Structures are given as C-alpha cells and as structure tokens.
Amino acid sequence: MLALFSSCSNIKYLKEGEILYVKGKVELEPDTSFPKKYIKPLQENLEGYLRPQPNSSIFGLRPKLFFYNIAGDSVSEKGIKGWLKYKVGEPPVLLSDVSRTYNEDLLRNRLENIGFFNAEVRSDTTVKKKKATITYFAKPNTNYKIKEVVFELDSTDFGKIIADSKEKSLLQPGNPYNFDVIVNERNRIDNELKEKGYYYFNPDLLLIQVDSTIGNHQVNLYVTVKDNAPDMALHPYYINNIYIFPDYSLQQGDYQMGIPTDSTYQGYHIIDPGHTYRKREIIRPMSFQKGSLYNRSSHTRSISQLIGMGTFKFVKNNFIPVDSANSNLLDVYYYLTPQPVKSLHFEILGKTASVYNGSDVSVSWLHRNAFKGAEQLRISVFGGYEFQTGGNVSLNSSFYRYGAEASLTFPKIVSPFNWSPTRRYVPHTTIKTRYELLNRTNAYNLNSMSFNFGYAWRENVRKEHALGLLEVAYVRSGSITDAYELELQQNPNLRHAIEKQFIIGPNYVFTFTNTMEQQRKNTMYLRAGLDLSGNILGLINGSNYKEGKIYNFLDAPIAQYIRTEADFRNYTKMGSNSEIAARAMIGFGYAYGNSRTMPYIKQFYAGGPNSLRAFRARTIGPGSYQPEAINGGDFIPDMSGDIKIELNAEYRKKLFSIVHGAAFVDAGNIWLLNEDENKPGGKFSKNFMNEMAVGAGVGLRFDLTFLVLRTDLAIPLRIPYLPKGDRWVLDKIDFGDKEWRKNNLIFNLAIGYPF
C-alpha cells in the first residue's frame, strides 16, 4: 500500500504529456562463443554508462522524488519546504530527458573499446501508467584479439629501455583488444622511463597504432614514440643541488634565490633561519643525493617519508632544470609547511550497548616537534561514566573511571643498532605510560598502570608490523564493598576480576590487507599476534605454581603465559552495491610456570556489538557453563576464557543514499584450557562444536563519509548453556510475546562496521 501510494503520488505531479523515466537496462545478445559467466557483469558495466540515471529508488519507492513533489512549486531555498525540495529531494527524470541515440552510441563505443569492433546496439521504449523503461539490446559480435605487438623504436638508450621491458608488457598476443589496457601499457612504459631518469617524458608521447585490417578478427599493435616528442623528454636527468625549506608558508611563494651560504649540511641546502628542526633529522627522509640519477621511486619515497613524519601539513616538491647549455641537471626544491606545533584536543563520546549507557570525556595536548626532530609528545587526561538502564542487576553495574596517559613518538627507529626496517615508509618508535582508576560503585575499584616501548612500521602498502619490545602492566584492587565480598563467597568466579596482576614481556602483531584494491572481487584482511609475559624471568627463577614456587613483584605474582590470536576476514563483491563479508577468529592462551591462569585483562570473551551480536558482551561461555545469577537477577557479564573461536558472516547491500542494509549470522564461544570446578562445562573438548552459540539478525548502516553509524537487531538461535537437545531455540521464537522480546531481542548501536 505504501509503495502504491508513493508511486501514485509521484505520477500525479506530472504535467500533461510528461512520462517518468524509471529504468534503463541492457540486454546482451551474444553468440554461442561468448562465455555465459561474463554476460551479467558486462550488462551491469554497460548499464553504468547510461545517462541520465533514473530517480533513486528503494523497494519501488522514490523517496527523494516524493519529497521534491510534496514541497510544491515556486518554493524558495529557505525554510522547511525549501530544505525538502532542494536538499532532500530531487527533480523528476523524464523520458524526454533521455536521448536513446546518445546512449546507443555510448554503448557501442564502450563495446568497441573492449574489442567488439562490429558491435550493434538498438533500443526500445516501454511505457506503462506514465512510467517508461528503455531497453538497449546490445549484440557484441566477434571479439577482436591481439595477433602481434611490435615495438618500433630506435637503438638509442631510450629505445633500449622500452624494448628491454617488453616482457612486462600488458599487451600480449592472444589477449582480447582492450583500450583500457593500452592506456595502462602507456603508463607502464612511462614508469619504466621515469625509473631511468627521463623526468620530462609522459605517456601522451607514446603512440600505439592499431591495424584491424589483417583479417580473422585480429589486430596488430605498433608501439612507437610520436615524431613531435621534445628533445628534453628523450634524455635522462641527474640531480644537482637540493634545497629544503622546512618552515615554509604557502603565502611566501616558491623562492629559489637568496640561499644562505651557511645552509649547506652534508650536501643539502637547508634554509631554516629559526632553527625549527635539527638538520640531521630533516635530511633523513631524503632519497636523492647530488649527482644521483632521477627516478620516480626515490621521488615518491622522499615525499612519503616527509608526510609520514607527521609534522608537516603540506609537502610541495619542484624540479627546476639548471639554466645552462646542453645541461641535463635538475635542482630540487622541497617546500615543507609545518602543522601547528601545539594543539589542544577535546572529545566527548556517548556510548550505548544493550542495557548500558554512558559517556567518555578526554582532553589531550600535543606537541608535534618536541625535540626539533618531529617527535610527537602527547599528554591526555580522561574520564567516563557508564550506568545500567535495563536488567535487574544493581551489583557490579554502573562505574566511573578516570586517568592520564603520556606518549612520545619518534619518526624513526630508536635503537643502539643502525637498523631501519623500511625506506619507503616512516617507521615509528613509541614510548607510552598510562594510569587509570576504575570504580564500580557497588563493588570494587581497580588501579592499573602500564608502560610500553615498541616499534611500528609498514613493509609495503599491504603489510604492517608492530613490535612491542617491552610491555609492563600492573593492576591491583583497592576498596571492595561488603556486598561484593559476600558475593565472592557465593560465587568465587568473580574473584578473578580483582586479582593483582603484573605483566612484563614483548608482543608482536602482523597485519596484511588488500581491501584498498577496489578492482578485486575478493579482498582479505589478516591480523595475527603473539603476546608473551614472564617467560625469561620464569625460566631463570624456576617458577612453578603447582609446587608453590610463585615469584611476586609489587606484591603481585608475575604473569607467565603465551597468548596468540588471529583474525581473518574476506570480502566478496556480489555486485556494484553489495558484498558478503566473512570473519574467522581464533585465540589461544596458555598460562604456565608462575601462573595458574592468564591475567583477566588478557583472557578472551564473546558477545557484544562487534562479536556475537545476539548476546551481550561477556555473557557467553566458557563452554556450556551457565553463569550464576546475582540475587535472583541477571548474571554478571564477566565471563572470560583461554580459547576463543568465532565465525561471522554478513550480507551488505546499499539501499539508497547513505543507507545500507545488512543481514548477518554469528557463531562462537570461549573455553577454558583446564578444568575449573567453579565453571562446570567450561573446559575445551573434542565436542566444542556442540557448545557454539549462534545468533542472527538484521541491521542498518548510515554512511556519513566521516563515520559509519551502525544499528543491529539480533536474536539468539542457539544457546550453549541450555541442556543438550534444547540448545537450538528456533521453535521458541515469538515476536508477539513481550517477555520473549525483552529477553531475546538485542539492539546494538555502534560506530563503524563490526569487521
């Protein structure tokens, strides 16, 4: 009824003789030799070229057109009606706005560009109830293929460079003719020449001629250089003087004269009258040296390194030919515009998840050049409060926290050894210390302090490494309420959360992703890490908690464990506006020597807006163990374990404008490595698949460009702590039952995608 109302409402605003254009589609009429798997993708590709596009729609509705119409005629841009008409709405796309001839030529041209030189295109219009659909019938005919590629070049160094690289050519005999590949081949050759010093060469100077008269639906390609190519484009260039202006403002313009004589440092001319930076640090990113051959890799590497230092707002680079006869030298100028040296940042954040709400506030001060080497010194203070807005638990529910953090980041590897893991990207060394007080008002408070020293670097655009040489964390409880003490006697599982903890050791995280490569149908993301604590100290001291040999520091046992975790994600495009995202996570922790269990903050948990969305955070597991209720109410969401397995799948589709929809299924659980009498059923066993929790749901995502606001509504399908045979609860779904909805409908509001 709503779709019919909207459709009729839009049509009634049409004037006499006007017809609404609602759809343009392409139907391919290939011969039997055309692979069937390419028919649909080619149709979708061709439909993307049709102009104009119809009014946007969702489920047959055209909401933007509807708002445009109800705003009325002769509306100014001010007021609510103006906002509806010109900001929210869009004018109708009429059949009279569409040129079938133009679109036919456009489709024919596109088919010719991919080798269908004899393509035929015709069209037909269907009108029903003042709504028009235009169908374009495209007959590709035979696809032309490449027979031979000939590089017609002279025997100079310039010609040899191109000829020697022809094995890398994108144009290969037997492949279909494709104009886009020809364009990419010209860019490939240009890049080869740029690597050999040909700074003034550009792809437009290359000519690739096509001979389609050789018969048998084949073409010959002839690669040559245009006759009018300038002489300076055909010779390599070398670097002469290098000038660096590290305190440049955009208002100054490019200045090349008046270089101070005392500005030279290790062959570079550094013009920094205010001594803003140490000269040694400012030349560190430079890949060029005087006398070196120009190449694009060194050019882009220097720019990337300068930007990666994090202190410059703009980086501009000029190459100026030396003004002398027959010179093949370039002077290089780097104009570096710093960001504000000091800044103050204030942030307030609202949070909501299931039955909890709250907010965080933080204030941070940043100095971007603390010691004149682009070091970033950040000092922050923060605080937050979270309270329970649903459920029956009062104990351990609301809390507040506050603390401070200081970090110092160097744009290089700080080490006694001369080691740099990468030259293309800037590595970073970070020293960070933090203190936080967590006060659960009805239960206890925790003091935590930490210190970290480590490195982070990018190997290439896909691979990142983070090596924490030293992580130290100390956690101890302060006051504990009488009510919580009483609960500890009845439920010993709660004591783990307030135990004293001392962690010391290294950690390493590797990240791989190619999700930025939009042309791929399948992309992936992998994050894997290893975390160690107390291993060397435990071996030296011969720690063994089973024999009572437990060594403490600051009145806390030194944690000794090995922890590893992997997060793998795969994204498969199903079309231009839809995809299937899948994730598999596995985590394993092993405590030994000085520790009976892993520290609470290092254990795994399941549930929540980025995990099993049909279950609240930390409410699932371990295994088939059912957490005990508190005073007859809900159980405390504090479950953790040594092993974690989680699987997620989500179908995502753009609905309209900024609104995207999703349908998802989540499965997983956590387990204990060793038997715990206080958590029966929590130990990992060969029957772990029978203890997997399963949930499903739907959601909306609002893509605001600068952030994605996500809403998910989920229900449990399988509850692992129910008796065997009763764990699947599909037959108990009852949306009409208020009590069922209260206990099973889980709403999550979050920022960003879950994975």
Side-chain angles (χ1 to χ4, degrees), residues 3-4 6-7 10-11 14 18-62 64-65 90 92-145 175-181 212 217 219 518-522 572-580 651-656 661:
L4 181 64
S6 175
S7 179
N10 287 325
I11 292 173
L14 295 174
E18 289 184 336
I19 297 173
L20 187 67
Y21 172 59
V22 296
K23 189 175 184 180
K25 62 180 181 177
V26 175
E27 289 190 6
L28 218 59
E29 298 177 330
D31 57 29
T32 55
S33 64
F34 195 96
K36 291 183 178 180
K37 65 179 181 178
Y38 294 132
I39 293 178
K40 186 175 180 180
L42 182 55
Q43 286 180 169
E44 291 181 352
N45 179 269
L46 293 173
E47 286 174 355
Y49 288 90
L50 298 176
R51 294 293 182 271
Q53 291 291 317
N55 294 105
S56 57
S57 65
I58 173 175
F59 304 128
L61 303 175
R62 294 176 177 80
K64 289 189 175 183
L65 178 58
E90 63 181 16
V93 180
L94 304 175
L95 179 62
S96 58
D97 298 326
V98 185
S99 170
R100 283 169 47 182
T101 303
Y102 173 81
N103 281 329
E104 287 175 4
D105 291 341
L106 203 64
L107 296 179
R108 194 177 297 111
N109 177 262
R110 179 56 189 163
L111 287 168
E112 289 174 354
N113 283 346
I114 57 176
F116 297 101
F117 292 155
N118 300 319
E120 303 172 44
V121 181
R122 57 188 174 84
S123 60
D124 188 26
T125 302
T126 303
V127 179
K128 186 177 181 180
K129 295 181 180 180
K130 289 192 174 184
K131 293 187 289 186
T133 298
I134 301 179
T135 304
Y136 297 87
F137 301 93
K139 189 175 182 181
N141 293 319
T142 306
N143 187 224
Y144 278 66
K145 290 182 169 52
N175 288 352
Y177 170 89
N178 191 313
F179 178 75
D180 293 336
V181 176
S212 60
H217 300 101
V219 297
Q518 297 296 322
Q519 75 279 6
R520 288 178 175 267
K521 181 178 180 180
N522 285 284
T572 303
K573 292 181 180 178
M574 307 302 293
S576 57
N577 291 313
S578 62
E579 71 173 4
I580 292 178
Y651 174 71
R652 300 169 180 170
K653 182 176 178 59
K654 181 177 181 179
L655 300 180
F656 65 95

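Any value given below was found using the heavy atoms of this structure, including those in side chains, with hydrogens, waters and symmetry copies removed. Computed from a prediction, not measured in an experiment: that's the story for all the values here.
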Report task. Report the distance from atom OG of Ser212 to atom NE2 of His217, rounding to the nearest 0.5 Å. Result -> 10.5 Å
**Report entry** Charged N-O contact under 4.0 Å between Glu27 and Lys139
**Finding:** no
**Report entry** Audit row: Asp31, Asn141, side chain to side chain contact (heavy atoms under 4.5 Å, CB included) steps and yes/no
**Finding:** CA-CA 7 Å; Asp31 57 29; Asn141 293 319; 5.8 Å; no
Query raised in the report: Do any N or O atoms from the side chain of Asn143 and from the backbone of Ile114 form a donor-acceptor pair under 3.5 angstrom?
Result: yes
Query raised in the report: OG/Ser578 to OH/Tyr651 distance, rounded to the nearest 0.5 angstrom?
Result: 4.0 Å
Report summary line: Nearest heavy-atom contact between Leu14 and Leu94 is CD2-CD2, 3.8 Å
Requested in this report: Return yes when atom NZ of Lys23 has more than 12 non-hydrogen atoms of other residues, nucleotides or ligands closer than 6.0 Å, and no otherwise.
Outcome: no
Query raised in the report: Closest heavy-atom contact between Leu655 and Gly661?
Result: CG-N, 3.7 Å
Report task. Go through the steps for Tyr144 and Tyr177 under the test ring pair (Phe, Tyr, Trp, His ring centres under 6.0 Å), then give the verdict. Result -> CA-CA 6 Å; Tyr144 278 66; Tyr177 170 89; 8.5 Å; no
Requested in this report: Give, for atom CD1 of Ile134 and atom OG1 of Thr126, the distance between the pair rounded to the nearest 0.5 Å.
Outcome: 9.5 Å
Report task. Show your working on side chain to side chain contact (heavy atoms under 4.5 Å, CB included) between Lys131 and Ile11 and close with a plain yes or no. Result -> CA-CA 8 Å; Lys131 293 187 289 186; Ile11 292 173; 4.0 Å; yes
Query raised in the report: Roughly how far, to the nearest 0.5 Å, is the CZ atom of Arg51 from the CD atom of Gln53?
Result: 5.5 Å
Report task. Please name the pair of heavy atoms, one in Ala138 and one in Leu111, separated by the smallest distance, quoted to 0.1 Å. Result -> CB-CD1, 4.1 Å
Requested in this report: Give the minimum heavy-atom separation between Arg110 and Asp180, together with the two atoms involved.
Outcome: NH1-OD2, 3.2 Å
Query - Residues, nucleotides or ligands: over 12 heavy atoms within 6.0 Å of Phe179 CZ - result: no
**Report entry** Donor-acceptor under 3.5 Å (Gln43 side chain, Leu28 main chain)
**Finding:** yes
Query raised in the report: Would a distance-only check, ignoring hydrogens and angles, find a side-chain to backbone donor-acceptor pair under 3.5 Å from Glu29 to Pro140?
Result: no
Query raised in the report: Between Tyr49 and Leu106, what is the shortest heavy-atom contact and its length?
Result: O-CD2, 2.9 Å
Query raised in the report: Pick one: which of Lys25, Glu104, Glu47 meets side-chain contact (heavy atoms from CB on, under 4.5 Å) with Tyr136?
Result: Glu104
Report task. Report the C-alpha distance between Glu579 and Lys573 in whole Å, list the side-chain angles of each, state the deciding distance to 0.1 Å, and finish with yes or no for salt bridge (charged side-chain N to carboxylate O under 4.0 Å, His left out). Result -> CA-CA 4 Å; Glu579 71 173 4; Lys573 292 181 180 178; over 6 Å; no
Query raised in the report: Can Asp97 and Tyr21 be said to form a side-chain hydrogen bond (donor to acceptor under 3.5 Å, both in side chains), step by step?
Result: CA-CA 8 Å; Asp97 298 326; Tyr21 172 59; over 6 Å; no
Query raised in the report: Between Thr142 and Asn118, is a side chain to side chain contact (heavy atoms under 4.5 Å, CB included) present by the stated rule, with each step listed?
Result: CA-CA 7 Å; Thr142 306; Asn118 300 319; 5.9 Å; no
Requested in this report: Rounded to the nearest 0.5 Å, what's the gap from CD1 on Ile580 to OG1 on Thr572? Could you check?
Outcome: 6.5 Å
Requested in this report: Assess whether side chain to side chain contact (heavy atoms under 4.5 Å, CB included) is satisfied between Val121 and Val26, documenting all intermediate values.
Outcome: CA-CA 10 Å; Val121 181; Val26 175; over 6 Å; no
Query raised in the report: After noting the C-alpha distance and the side-chain angles of Thr135 and Asp124, does the key distance pass the side-chain hydrogen bond (donor to acceptor under 3.5 Å, both in side chains) rule?
Result: CA-CA 5 Å; Thr135 304; Asp124 188 26; over 6 Å; no
**Report entry** For the student: nearest non-hydrogen atoms of Pro54 and Val93, plus distance
**Finding:** C-CG2, 4.3 Å
Requested in this report: Flag the pair Thr133 / Val22 as yes when at least one side-chain heavy-atom distance between them is below 4.5 Å, and no otherwise.
Outcome: yes
**Report entry** Exercise: do Thr125 and Arg100 side chains pair donor with acceptor under 3.5 Å
**Finding:** yes
Query raised in the report: Could you give the distance from CZ (Arg62) to OG (Ser57), rounded to the nearest 0.5 Å?
Result: 5.0 Å
**Report entry** Whether Asn55 side chain and Leu65 backbone form a donor-acceptor pair below 3.5 Å
**Finding:** no
